[in-house]
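Lettering follows sequence order; numbering is per chain, from 1.
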Protein chains: 2
Amino acid sequence: MYTESIENYLKTIYEIQKESEKVTTNSISEKLGVAPASVTSMMKKLSEKKLITHKRYQGVKLTGPGKKIALEVIRHHRLVELYLAEALGVPWDQVHDEAEKWEHVLSEDLEDRMDKVLGYPTRDPHGSPIPSRDGTVIELESIPLVELQPGQSGVIAEVSDHDPDLLRYVGKMGLYPMTKIEVLSVEPFSGPITIKVEDASHILGSEAAQYVFVSDVEGERGEAS
Amino acid sequence: MYTESIENYLKTIYEIQKESEKVTTNSISEKLGVAPASVTSMMKKLSEKKLITHKRYQGVKLTGPGKKIALEVIRHHRLVELYLAEALGVPWDQVHDEAEKWEHVLSEDLEDRMDKVLGYPTRDPHGSPIPSRDGTVIELESIPLVELQPGQSGVIAEVSDHDPDLLRYVGKMGLYPMTKIEVLSVEPFSGPITIKVEDASHILGSEAAQYVFVSDVEGERGEAS
DNA sequence: ATCAATTTTTAGCCTTGCCTAAAAATAGTG
DNA sequence: CACTATTTTTAGGCAAGGCTAAAAATTGAT
Ligand SMILES: [Mn+2]
Ligand SMILES: [Mn+2]
Ligand SMILES: [Mn+2]
Ligand SMILES: [Mn+2]
């Protein structure tokens, strides 16, 4: 068992690695809310434990064992999120913060029990994949809603879960994973996007639309109106 | 919010206070598994925070605020124990260790949700009272099973939950809270006790019988056979 | 009442994980 | 290619919560 701090660093490195190629001291520092100097000293410790490789001034990479731990923590986090939502009715904008604490105290036994109660799920309430016990992650191919053109349609794949306000905002218009949507119009200059959800139309700011991801995109690219 | 360490100290002091009158440095040290010197320095800190009163070489006492926190932690612990048993099917000999970790990360919101799902329960899986949100504890009057005489009957009120082996042992003969039992015979010199549970008779060692508590005791005191 | 055993406290040290300020390395720009 | 801005690392500290060993206070037994 590693400390809560180590688990958080590894998880953070994994998450940055997934979208930035290079994992820098500063990026970890920002995402984790600690000083860069603190990151450097933790990187030294993680290197000694062979959980990452670190070349001075070059960024870090997870080793096999390091990645395994990161995925275990993420599995815990997402299973707990889904469990809280399903079994205890916690709204989807609140599950993240709770899971942030629970992920570190969940035993393997309880992990299995939750997994079973939930029917061996593969997605958390925000659409993110739940890594399997052996560390397999099935990423869904998706693009930000903001990139869709009028006339195109698709299915909500995932919504970023780090801002509760965003989740409440897009939740109000029913933009949950698996929901079918169609883009009706897109205003120029990063203007608002009109979409159809469940036969109702909604207007969505372009910034929010950057954090909503769509899969199974269909339809020809209409011109921006 | 106090640290996990402080919460554990306060809970421990409360538990010792309930059965020993005097809460000594050594008793805390033993129950918590830390050195006596560590207890002394924590007592100093808790005194400064007005959570306990401490007279050098005399023992400690919880203040009002200190007791309130202790009861909150105990409420969390017992609610979680019951939740794990009911909702996730965790055996009663395993819930304690899990709850020991969860009690510190349970938000008030989740506490309320669990409470509701469980139907506002008053007893944990081992029969211990779950303090109400305002800090009321309804202790059940009970005596150790080992003190019953042949011919006497009663209802299992509570079983000590700190030894998983004991719980498995008495669980095998059905000695769960609310179960009706009758003492058939008691061997002298701290010998085994024969009891009837659900029309089956079982033999129970006297040491185990010290940790099983019985309420609603009826029947005249027969002589020890 | 005295002295020995026990309990409690003090003193000093350690590890973890964080911080700030200063130094060193790297990257970008004319 | 030099020089500045940025990034990263080093150096030195701090608080929390442990530990051991030694000193002090209390208790108990003759
Ligand atoms: Mn976390
Ligand atoms: Mn999520
Ligand atoms: Mn605990
Ligand atoms: Mn219990």
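- At a threshold of 4.5 Å between non-hydrogen side-chain atoms, the residues A:R133 and A:D112 count as touching.
- Side-chain contact between B:N8 and B:E103 is present, with heavy atoms from C-beta onward closer than 4.5 Å.
- Atom CD1 of A:I52 is separated from atom C1' of D:dT8 by 14 Å (rounded to the nearest Å).
- Listed in residue order, the members of residues 25-48 of chain B having a heavy atom less than 4.0 Å from DNA chain C are B:T25, B:N26, B:P36, B:A37, B:T40.
- Between A:E4 atom CD and D:dA16 atom P the separation is 18 Å, expressed in whole Å.
- Between the P atom of C:dT16 and the NZ atom of A:K49 lies a distance of 7 Å, rounded to the nearest Å.
- The side chain of A:H54 contributes an N or O atom lying less than 4.0 Å from OP1 or OP2 of D:dT9.
- Note that CG of B:D93 and CZ of B:R168 are 4.5 Å apart. Values are rounded to the nearest 0.5 Å.
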Scan nucleotides 24-28 of chain C against the protein and return all N/O pairs shorter than 3.5 Å with their distances rounded to 0.1 Å.
unit_1	atom_1	unit_2	atom_2	d
C:dA24	N3	A:Y57	OH	3.4
C:dA25	O4'	A:Y57	OH	3.2

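- When ring centroids are compared, B:H77 and B:H96 come within the 6.0 Å threshold.
- The shortest side-chain heavy-atom distance between B:V183 and B:E147 does not fall under the 4.5 Å cut-off.
- Of the side-chain N and O atoms in A:Y9, one or more sit less than 4.0 angstrom from OP1 or OP2 of C:dC18.
- In this structure the side chain of B:Q58 never reaches within 4.5 angstrom of the side chain of B:T24, judged on heavy atoms.
- Remark: aromatic rings of A:W102 and A:H76 are distant, center separation not under 6.0 Å.
- Around the NZ atom of B:K68, the shell of radius 6.0 Å holds no more than 12 heavy atoms that belong to other residues, nucleotides or ligands.
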